[in-house]
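Have a look at the structure below, then the notes.
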Amino acid sequence: MQVDLDSVTTPVQFKSTVCIVGAGIAGLVLARTLAQGGIEVHLLEGGGRLPESRSQELYAVQMAAMRHDGATDGRFRVFGGSSTRWGGQLLNYTPDIFDPPSGIPSARWPLGIEEIERYYAEVRDLMCVSHHSPSARAIKSLSTRRPVDSTDINVRFSKWAPFSKRNLASTLGPECLASNRITVFFHANVTSVKFREGSNRVEAVTAKNYAGKPFKFESS
């Protein structure tokens, strides 16, 4: 189901079990997973089903020092998010990401690599890439100027999703829109988040359409 807040003329309060802000890669995957578990989901997308200049212009920022084009050119406010332009590269994490060596200014993750690895197969299936992993011998046989045996270099293979499967708006999108447990709200720009008193649990979020009309989304 879908609702375009630009077409709703009067302020309305919406209630659901879960409210997800952003219908990009993470939002679409999470919405489908929760819906498959029988949970009612409201999925808020600030953009529309197709790219719009007015939505993209909200990313415009002033650069205080060195210019960073990724602030405006690397993100997309549209159904499917960055996957609509994404290269689709999949690269497994390495243990040092979760527990960085001393001397590196990175914090230790609150979870271990084993808690992430169990989802790799599901992600590969989602992006339609193979489950095959090249052997160490295959990696060492590659022609490279870098010493692959060096302890300072970790050579890995990345996998690339087929072009037809990279845009989740065209793969998971129709499934989410057709689900009777998911309602996708377009042009829902979240402007405030209200926490339950005395806790870090979100009680409600307020979103506005492009006419400035507010809509409240509460937990049921």
Side-chain angles (χ1 to χ4, degrees), residues 17-37 39 41 43-45 59 61 65-66 68-77 80-142 144-162 165-169 171-172 176 190 193 195-196 199-202 205 219:
T17 305
V18 174
C19 181
I20 301 171
V21 178
I25 298 171
L28 286 171
V29 172
L30 181 57
R32 184 185 72 161
T33 302
L34 292 173
Q36 289 175 336
I39 297 174
V41 178
L43 181 57
L44 312 186
E45 170 54 50
Y59 279 143
V61 295
M66 184 181 297
H68 174 54
D69 290 332
T72 53
D73 297 341
R75 301 181 295 168
F76 302 93
R77 292 173 57 84
S82 297
S83 77
T84 60
R85 306 287 182 86
W86 182 48
Q89 184 182 19
L90 303 180
L91 188 63
N92 291 1
Y93 287 112
T94 53
D96 59 288
I97 297 296
F98 299 86
D99 190 11
S102 60
I104 295 180
S106 299
R108 188 177 187 278
W109 283 37
L111 45 78
I113 190 172
E114 67 283 348
E115 296 177 76
I116 297 293
E117 286 181 329
R118 59 194 177 113
Y119 295 104
Y120 284 169
E122 182 180 348
V123 173
R124 294 187 190 108
D125 288 340
L126 174 66
M127 303 309 300
C128 298
V129 300
S130 74
H131 293 264
H132 174 69
S133 296
S135 65
R137 172 180 288 184
I139 294 176
K140 289 184 178 182
S141 68
L142 294 176
T144 175
R145 296 179 180 178
R146 294 185 176 184
V148 296
D149 291 327
S150 171
T151 57
D152 296 328
I153 298 176
N154 185 9
V155 180
R156 294 179 289 160
F157 276 103
S158 64
K159 299 183 178 183
W160 293 81
K165 302 297 182 182
R166 295 178 184 182
N167 183 355
L168 296 194
T171 55
L172 290 191
C176 290
V190 173
V193 178
F195 289 89
R196 183 163 296 172
S199 75
N200 60 358
R201 180 181 175 84
V202 174
V205 298
S219 57

Q. Quick one: CZ on R201 to CZ on R196, what's the gap to the nearest 0.5 Å?
A. 5.0 Å
Q | Straight-line distance of K159 NZ to S130 OG, nearest 0.5 Å | A | 4.0 Å
Q) Given S219 and V202, is the side-chain contact (heavy atoms from CB on, under 4.5 Å) satisfied, shown in steps? A) CA-CA 8 Å; S219 57; V202 174; over 6 Å; no
Q. For Y93, does the OH atom sit with more than 12 other heavy atoms under 6.0 Å from it, leaving out its own atoms?
A. no
Q: Return the minimal non-hydrogen interatomic distance between G74 and S82, and the atom names on each side.
A: O-OG, 3.7 Å
Q | Nearest heavy-atom neighbours spanning R166 and W86 | A | CD-O, 3.7 Å
Q) Backbone N or O of A23 within a donor-acceptor pair of the E45 side chain at under 3.5 Å? A) yes
Q | Gap between atom CG of D99 and atom CD1 of I113 - 0.5 Å precision | A | 11.0 Å
Q) In Å, rounded to the nearest 0.5 Å, how long is the span from CZ of R32 to SG of C176? A) 7.5 Å
Q: Please report the closest heavy-atom contact between V129 and A161, naming both atoms and the distance.
A: CG1-CA, 3.7 Å
Q) Given side chains that start at C-beta, do those of F98 and I116 come closer than 4.5 Å, heavy atoms only? A) yes
Q. Between CG of L126 and CG of L90, what distance do you get to the nearest 0.5 Å?
A. 9.0 Å
Q) Considering all heavy atoms of both residues, which atom of I25 and which atom of S83 are nearest to each other, and what is their separation? A) CG1-CB, 3.7 Å
Q: Please confirm whether the backbone N or O of G80 pairs with a side-chain atom of T84, one donor and one acceptor, at under 3.5 Å?
A: no
(Q) Closer than 3.5 angstrom, by distance alone: can the side chain of E122 be matched with the main-chain N or O of Y119 as a donor-acceptor pair? (A) no
Q: With sequence neighbours excluded, tell me which residues meet ring-ring contact (aromatic ring centres under 6.0 Å, His included) with W160.
A: none
Q) If you measure from CE on M127 to CG on L168, what distance do you get to the nearest 0.5 Å? A) 5.0 Å
Q) Is there side-chain contact between V205 and L44, with at least one heavy-atom pair below 4.5 Å? A) yes
Q | Least distance between heavy atoms, N167 atom then A169 atom | A | OD1-N, 2.9 Å
**Q.** D125 and H131: CA distance, side-chain angles, deciding distance, side-chain contact (heavy atoms from CB on, under 4.5 Å) verdict
**A.** CA-CA 8 Å; D125 288 340; H131 293 264; 2.8 Å; yes
(Q) Please determine whether side-chain contact (heavy atoms from CB on, under 4.5 Å) holds for the pair L28 and T171, giving the CA-CA distance in whole Å, both sets of side-chain angles, and the decisive distance to 0.1 Å. (A) CA-CA 10 Å; L28 286 171; T171 55; over 6 Å; no
Q: Check whether any side-chain heavy atom of D96 lies under 4.5 Å from a side-chain heavy atom of P101, and answer yes or no.
A: yes
Q) How far apart are the closest heavy atoms of C128 and P162, and which atoms are they? A) O-CD, 3.6 Å
(Q) I'd like to check V61 versus Y59 (side-chain heavy atoms, cut-off strictly below 4.5 Å). Are they in contact? (A) no
